[in-house]
Each structure stands twice: as C-alpha cells, then as structure tokens.
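Below is one structure; the comments refer to it alone.
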Amino acid sequence: MPEFAEKTLDPASVKMLEKAVAEKISTAFERAEEMKPCPIGAEGNCCKNCGMGPCRVPAPKKKAESAAEKAKRRGVCGATAETISARNFIRMIAGGAAAHSDHGRGVAETFLAAARGNAPGYEIKDEQKLYQLAMDFGVEVGDRPIREIAVEVGEKALAEFGRQEGEVIFLKRAPLKRQDLWRKLGVAPRGVDREVVEIMHRTHIGVDQDYKNLLLQGTRTALADGWGGSMIATELQDILFGTPVPILGKVNLGVLKKDEVNIIIHGHEPLLSEMIVVASQDPEILKLAKAKGAKGINLSGICCTANEILMRHGVPLAGNFLQQELAIVTGAVDAMVVDIQCIMQSIADVAQCYHTKIITTAPKAKIPGAEHIEFSEHHAMESAKKIVRAAVENFPRRGKNIDIPEEKTDLVAGFSHETINYLLGGLFRASYRPLNDNIINGRIRGIAGVVGCNNARVKHDEAHVTMVKELIKNDVIVLQTGCSAMACAKAGLLAPEAARLYAGGGLAEVCEAVGIPPVLHLGSCVDNSRILMAATAVVKDGGLGDDISDLPAAGAAPEWMSEKAISIGHYFVSSGVFTVFGVTWPTLGSEELTRHLFKDFEEMLGGMWAFEPDPVKAAQLMIAHIDKKRRALGLDKKRERVLYDMAMRRELEAV
Ligand code: SF4
Ligand code: MSK
C-alpha cells in the first residue's frame, strides 16, 4: 500500500493502482518505473534529424573544457550541443503549437459550417463575443444579420492559420509596448502554419545552426500559438458554446456511477462532446438505457475535453491525464470516447481486460483495437447518438469486478477572463480595477498561472497541489487550466472555503468579499490564452506598469510532459512572464543555451524560463520574482489598504 501512496497524492488513484496490480494491468505508473529515460535524450542532446545519426553529444564531463575537447563534442555534421538542443527545443514548440492550432482550425471549420447553416445542432450562443471578434477582424457589423457577420468572422478566422504575411490579428490585443518589442525583435508571427513549417525547415540538417536565431523562430511560433491558434480556438468555442460563467462541479473517480451507463469523454475538442451532452439526454436513448437495466446515463470527462464540458454544463471530471487508465480499471466505464491529444494508446489494452469500449472519433487520431465512429460537424448529432447508444448497449456486458472509489470533491469552475471582470467590478461596471487596487495595496501580492499536465516520472498531483498551496498561503492569487486545475480541485483548492482554509490573510479577505476561491479554473489547454487576456486586462486597467512584464506575476507547469506545455510556457515567457517548469528540463545538456533561455531572455523579452523540480522552491522563485516586480513598481512602500467589498462596489455603481 505505501508503495502506491508514493506514486500519487490522490487516494482514489492509489486504490485503482492496487486493483490494477492485482488484476495484472499495466499502467503508465508501472511503465515509468520499468523504463528509465535516456539521459542524453532527456538533456536535449540527441539528434536524429538525418540518417547519419542518431548523434549523441553529451554535456561536458568537467566544467572547464578545452577547445579541442569541445570541438570533439559534435554530431557527424558538426552540429554542436547548443544547435542540437535548440533544434530539439523548438521542434517541441512546433509540435505543441501545431496541436493547439489544428484544434483551433477544427473549431473554425465547424464555426464556419454552422454560420453557413451546414452544421445542424450548432448555433451562435454568445453574440456579444461575436461582435467583439468582428471588430478585431475588421468585419462590418451595422445592421447585418448575425449569420452574415458570423460567416465573415469564420472565414477570417480560418484564414489566420495560413496567413503568409503581416501579423496574426489578435497580436493587437496585447499591450502596445509588447507589440512594439515583438516587432523590434522580428518575432511578431505570421500564420501559425507558416511558422511551424519554418521551424521544420530551419531544423533540417544543414540549415539554421545558430541557437539564438533558432530560438527566435521558436518564439515567433509560440506567439502564433498563444495569440493565434489557441486564442482563436477559445474565442470561437465561446461564441458557439457560450462563454463560461462560474459553475459548480465535482471531480475524481467517485463521480462514476454503479447503476448508470458511464461514458467518459476524453481529449481536447468540445465539438463532439457538446453534442454527446445533448444526446445523453435524448428520451429514446434514456429509454434504451432503462431497458438495458441502467438507471440513467452518466457523463464525465478526462483531460481538457472534460474541462470544456465542466465549464459549460457542469459535467463532472473523472480525473486528469494519469487517471485515464485507472478510470477503466474501475470496471464501470461502458465507453471512453476520445477525440485528440493526451490519449494514451494503452487504454485500448486496458479496456480489453474489462468490457469498456474505446471509441475514437477523429480521423487524425485512431488507435488499433478501438472502435472508430467518425465525427463530422455536418452530422454531429447523428455521431453523438450512435456513440451514446454503443455505450448503452455495452452496459449489460459489465463484469463482476467493479470497484468505484468513493472520492469526489466539489469545485467551482468557469472563470473566463470576462467573468473575472464582472465578478470583480460588478455587471454594470465590469473592471479589473478592484484586482489592481488590491495588488497595489498589497492584500494580493501577485498573480500566478499554474497549469499543465501530470508526468509519470513524479508523484501524481503532488507538485501542483504543493506549489499552489504555497502560493496562496503567500497571498498570490492563482489562475489555472488543464490537468493542474483538476489536481488542485481534487485537493479542495477550487472551492470557496479554500480561501479561509489555505490562503494568506489578504488574499482570503478579497476572495471572501468577492465570493471567489483563491484558485480560479479558467479552462482547458487552449484556454491559457484567457490568462494572456487577463494579464493584458490588468495592464490596461492601469497602475501596474505598461507591459505584461511589469506585472507582479509568474507562471508554472510543475508536472509538465507534453510539447504543448513547452509551447505554452514559451509564449508566456515571450509575452513577458517568468515561467518555472518542474520534473525535467529539455536543454540541460547545453549550458549556453539554457543560460540564454533562463537569463538573456529576460533582457530581451522581460520574461524568462526557470527549472526547479521542488514545488515549494519553485513557488518561492515565483514569489521572489513577484516581489522584484512589486519593488520596481514602487509597491513595496506602505500604502493605504483599500478593499472593495459589496457595499463599496454598490456605491461605485450608483455614481
Ligand atoms: Fe547527427 Fe547532424 Fe544528422 Fe543530427 S543532423 S543526426 S547531428 S549528422
Ligand atoms: S490535457 S496537455 S496532459 S494539461 Fe490538456 Fe492535461 Fe497536459 Fe494534456
């Protein structure tokens, strides 16, 4: 038992790991134990970009290396450790940016089809946001019909991905000073497709061999993700499915139900899952479920698709990345429906030991052994009903060995940056002013974005929870997305009472006055773009400098594992945010390159990377950076403390 408690902080996962071992099921936890990473690859110094390799160029054994020794540490083509490491690093950015942006493109295609009337079941839910986007894209609004505006917005959004010249349009949303800096450095991105292709070109053998130049292209591509592909995904999803507002939810494997058909939705795109939510309430299918002996149909989610449907429908979260196999081990999952990204191939093997049906739905993401029911926006509801029916039909095939852990925790999610605006300033005077004022008066020390994955190389959830507790204890308000938000939700940090239980006095007072938890769930991986918008809104509200890099703010992904996390981290750094990653750092084999990312970037872009696997130390680094920024803004001096409570806000609104 203690053996499993060392693997995960989450008691429900401990129970399922025990069950998995008893039933001889292989999991990522076990495989991570058995297969150690290649040390040279882990440090970023293995190149396999051509058929003369793979070339492994390990870090020097001693500090002082002679020129002759250094000359020997090269690939067959002469590439140095810095070149190899930089190429690998920006290829990770390309992978992550491509994943986010292809997701965004899928949303844009569905959006356009819906606007043209070719995607039955989808509609415009947030007209206000559509008008906002129309303004961003220079689309005339006037008294044109909403459909016409939507078609033009959809066409412009889709064209953004392949933009060959100029700049992605949302770049203009950033603070002016930041835009100027990007232009000065030549990193203002064109369309994300072009930037990703350029990375693949430059990292081909014999092209760009200057690590600083390679990193500039990495920067340009990451910005095309954060301020382009990801932001388009978030905005169009909000228009189609509604901009999230605070909503109560539950998290952990205890949300599965013994007497209902359990369908888990897993992946990243909300396009299909939105339809599954509707299909699961279809009276015909509910009748079928009853006929099969089930009391109803119970939806829940894993990874970011889960975050999407939690935020808009309150559908519970079954768990985060490392719980996908464990959910099946309960024996109670009748179907796991997957779309794209973060889906382990092994779920098909685990499912074979139970009755669970794995249903793939995206033509670009198939798994051998899974059933494929293809999703298309043109017949979305048809696909959704077929999937839900398949799950219902599977219910009677459940085995006897069912064990659903009891653990489930309450949380509040749905804090889009617009909602934060309303919550802080009131509906009629939406504003970040109270947040800025409370940062200025010191009740809130600063803002942290803590995001990202689980990583089987470290204890599941522990770094997220430990880091976030340390931050809120020190009056730093935390914005979260992805699997990190789920980890902290399981630990009770996303419930309003967390302010009283875990936050420092100043932060707790503000949270209690406004009625928010000290840790705000902003959504899925693409919704990290909401954090960029929130940071920009804080800058624009005034009093805290004139660029994101002036803010007392920091970012982290303490259990990162995906290339998307590297792309996200790099667009935060390139937007001026100090960003700390845990677990491992993929350029450690090249001291020069690492120094460039950790130090020179601060001079160039005002944001820089850091690596610290200890979550408390990492939180302290973030707090030290926040304090440095407070000093630079002159906020370390004693100031009058102003707390905007309800009465004061009402007074403001009455003026
Ligand atoms: Fe080796 Fe150079 Fe080929 Fe990379 S590109 S595998 S370093 S020869
Ligand atoms: S799902 S990218 S494991 S956060 Fe977005 Fe979680 Fe990381 Fe996937």
Side-chain angles (χ1 to χ4, degrees), residues 28 40-41 44-58 73-88 91-92 95-100 103 202-209 211 214 225 230 233-234 265-270 301-311 317-324 338-344 365 449-456 460-461 463-464 480-489 521-529 556-569 581-583 589-590:
I40 298 170
N45 285 5
C46 175
C47 179
K48 53 182 183 58
N49 291 10
C50 90
M52 295 190 283
C55 297
R56 296 175 307 149
V57 183
R73 282 195 309 104
R74 286 174 183 260
V76 175
C77 68
T80 61
E82 287 72 40
T83 303
I84 292 173
S85 200
R87 286 197 302 218
N88 288 337
R91 278 198 174 197
M92 290 181 91
H100 283 146
H103 166 170
R202 287 204 201 187
T203 55
H204 186 276
I205 179 176
V207 187
D208 198 350
Q209 287 154 117
Y211 73 87
L214 284 161
D225 174 1
S230 282
T234 296
I265 311 169
H266 173 19
H268 280 77
E269 279 181 349
I302 283 192
C303 281
C304 284
T305 301
N307 285 323
E308 300 278 5
I309 50 174
L310 161 74
M311 300 227 300
L317 306 166
N320 50 7
F321 175 70
L322 278 178
Q323 289 179 284
Q324 57 187 287
V338 303
D339 49 62
I340 48 162
Q341 301 167 20
C342 302
I343 301 143
M344 292 189 193
V450 182
V451 306
C453 325
N454 293 139
N455 186 315
H460 172 225
D461 289 349
H464 291 299
Q480 291 214 282
T481 60
C483 292
S484 185
M486 298 191 201
C488 293
H521 188 343
L522 272 72
S524 67
C525 290
V526 292
D527 292 338
N528 283 306
S529 60
E559 297 180 29
W560 79 278
M561 63 85 199
S562 75
E563 291 172 325
K564 291 183 291 170
I566 292 288
S567 183
I568 294 166
F581 270 33
V583 190
S590 165

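We're numbering straight along the sequence, starting at 1. We use all heavy atoms of the structure for the numbers below, so side chains are in, but hydrogens, waters and symmetry mates are not. All ligand and atom numbering here is 1-based and tracks the order in the structure.
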Discussion item. Using a cut-off of 2.8 Å, how many protein N, O or S atoms sit around atom 7 (Fe) of ligand 2?
Written reply: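 Protein heteroatoms (N, O, S) closer than 2.8 Å to atom 7 (Fe) of ligand 2 number 1.
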Item to complete: Spell out the protein N/O/S atoms under 2.8 Å from atom 3 (Fe) of ligand 1 as residue plus atom name.
Response: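 Less than 2.8 Å away from atom 3 (Fe) of ligand 1 sit Cys50 SG.
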Worksheet item: Do you know the tightest heavy-atom contact between Ser529 and Ser230?
Response: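 Looking at all heavy atoms of both residues, the closest pair is OG-O, 3.8 Å.
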Item to complete: Taking all non-hydrogen atoms of both residues into account, name the closest pair between Met486 and Gly319 and its distance.
Response: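 Closest approach of Met486 to Gly319: SD-O, 3.2 Å.
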Worksheet item: Is there a donor-acceptor pair closer than 3.5 Å between any side-chain N or O of Asn49 and the backbone N or O of Thr203?
Response: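 At least one qualifying donor-acceptor pair exists.
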Worksheet item: Does Ala99 offer a backbone N or O that forms a donor-acceptor pair with the side chain of Gln341 under 3.5 Å?
Response: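 Looks like yes, one N/O pair under 3.5 Å.
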Item to complete: Check the pair Lys564, His268 against side chain to side chain donor-acceptor pair (under 3.5 Å), reporting the backbone distance first and the verdict last.
Response: CA-CA 12 Å; Lys564 291 183 291 170; His268 280 77; 2.9 Å; yes
Worksheet item: Would Thr83 and Gln209 satisfy side chain to side chain donor-acceptor pair (under 3.5 Å), going step by step from the backbone distance to the final call?
Response: CA-CA 6 Å; Thr83 303; Gln209 287 154 117; over 6 Å; no
Discussion item. List the residues meeting salt bridge (Lys or Arg N to Asp or Glu O under 4.0 Å) with Asp461, not counting sequence neighbours, and say none if there are none.
Written reply: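 Applying salt bridge (Lys or Arg N to Asp or Glu O under 4.0 Å) to Asp461 gives Lys490.
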Practice prompt. Under 4.0 Å from a heavy atom of His268: give me the atoms of ligand 2 that qualify, with their elements.
Written response: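 In order of numbering, the contacting atoms are 1 (S), 5 (Fe), 8 (Fe).
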Discussion item. Test side chain to side chain donor-acceptor pair (under 3.5 Å) on Thr481 and Asn528; report intermediate values, then the result.
Written reply: CA-CA 7 Å; Thr481 60; Asn528 283 306; 2.8 Å; yes
Worksheet item: Taking heavy atoms and a distance under 4.0 Å, where does Arg87 meet ligand 1: side chain, backbone, both or neither?
Response: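 For Arg87, the contact with ligand 1 is made by the side chain alone.
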Worksheet entry | Nearest-0.5 Å distance that lies between atom CG in Asn320 and atom NE2 in His460 |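 Separation between the atoms: 4.0 Å.
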Worksheet item: Who pairs with Phe321 by ring-ring contact (aromatic ring centres under 6.0 Å, His included), at least two apart in sequence or on another chain?
Response: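 For Phe321, no residue satisfies ring-ring contact (aromatic ring centres under 6.0 Å, His included) once neighbours in sequence are set aside.
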